[in-house]
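Worksheet: one structure, shown below.
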Amino acid sequence: MTYDPPPPGWDPQSPGHNPQPVDLNKPQDAAQPQDFGQPYGYGQPQDYSQPQAYGQPQPYGYNPGYQPAPGYYPGYYGAPAPDHPQGVIILILGIMSLAFCQLLGPVAWIMGSKARREIRDSGGAIGGSGMVTAGWICGIVSSALLILAILFIVLMLVVGAASTTT
């Protein structure tokens, strides 16, 4: 890899070049302006001073100039509520009842009803209502299809028995 040559007049030993590393944990002397490699008179004026570091570092997002309106608190949301322990099982049972075995539909329907009641009564301490509701609805649809299939089979048996006797 090749680099462009330095511009004319560039000298690493010039007063603007500081080869010593700066310790950011140590308070800097505010009386000495820091030179960031720019010549004087270019960019920002060089007479401003950095505030001295003191105390413990502030947490992320801390802004000392911001004060919330009276009566309001900053928006801290916290962690989401844990999912219901049977939420994934109910969802899997509901999907499997639609895809493979409709006999699982009533199981998903009953388990989903119980879990939805527990989530509602928890007052927000238990989450996962979306998974539970999806499995519950799949269980209801599968149970309805199961009932229709049983009625169809019974109807066919009655029609078949009636046609053989005449």
same_hphob_cluster([X], [Y]) at 4.5 Å side-chain heavy-atom cutoff:
X    : Y    : value
L103 : I153 : no
I95  : I137 : no
V141 : F100 : no
I126 : M111 : yes
M131 : W109 : no

So which heavy atom on [X] is nearest to which on [Y], and how close?
X    : Y    : result
S97  : G105 : CB-N, 3.3 Å
G160 : S163 : O-OG, 3.0 Å
P82  : A125 : CD-O, 3.5 Å
I90  : A115 : CD1-CB, 3.6 Å
C138 : G94  : CB-O, 3.3 Å
G112 : V132 : O-CG1, 3.7 Å

Exercise for the section: Run the numbers on L155 and L151 for side chain to side chain contact (heavy atoms under 4.5 Å, CB included), then give the verdict. Expected result: CA-CA 6 Å; L155 179 66; L151 288 176; over 6 Å; no
_Applying side chain to side chain contact (heavy atoms under 4.5 Å, CB included) to R120 and R116, what does each step give before you reach the verdict?_
CA-CA 6 Å; R120 184 185 65 231; R116 282 171 45 99; 5.9 Å; no
Atom pair [atom1] ([X]) and [atom2] ([Y]), whose distance is rounded to the nearest 0.5 Å:
X    : Y    : atom1 : atom2 : answer
S143 : I110 : OG    : CD1   : 8.0 Å
L148 : Q102 : CG    : CD    : 9.0 Å
L104 : I92  : CG    : CD1   : 11.5 Å

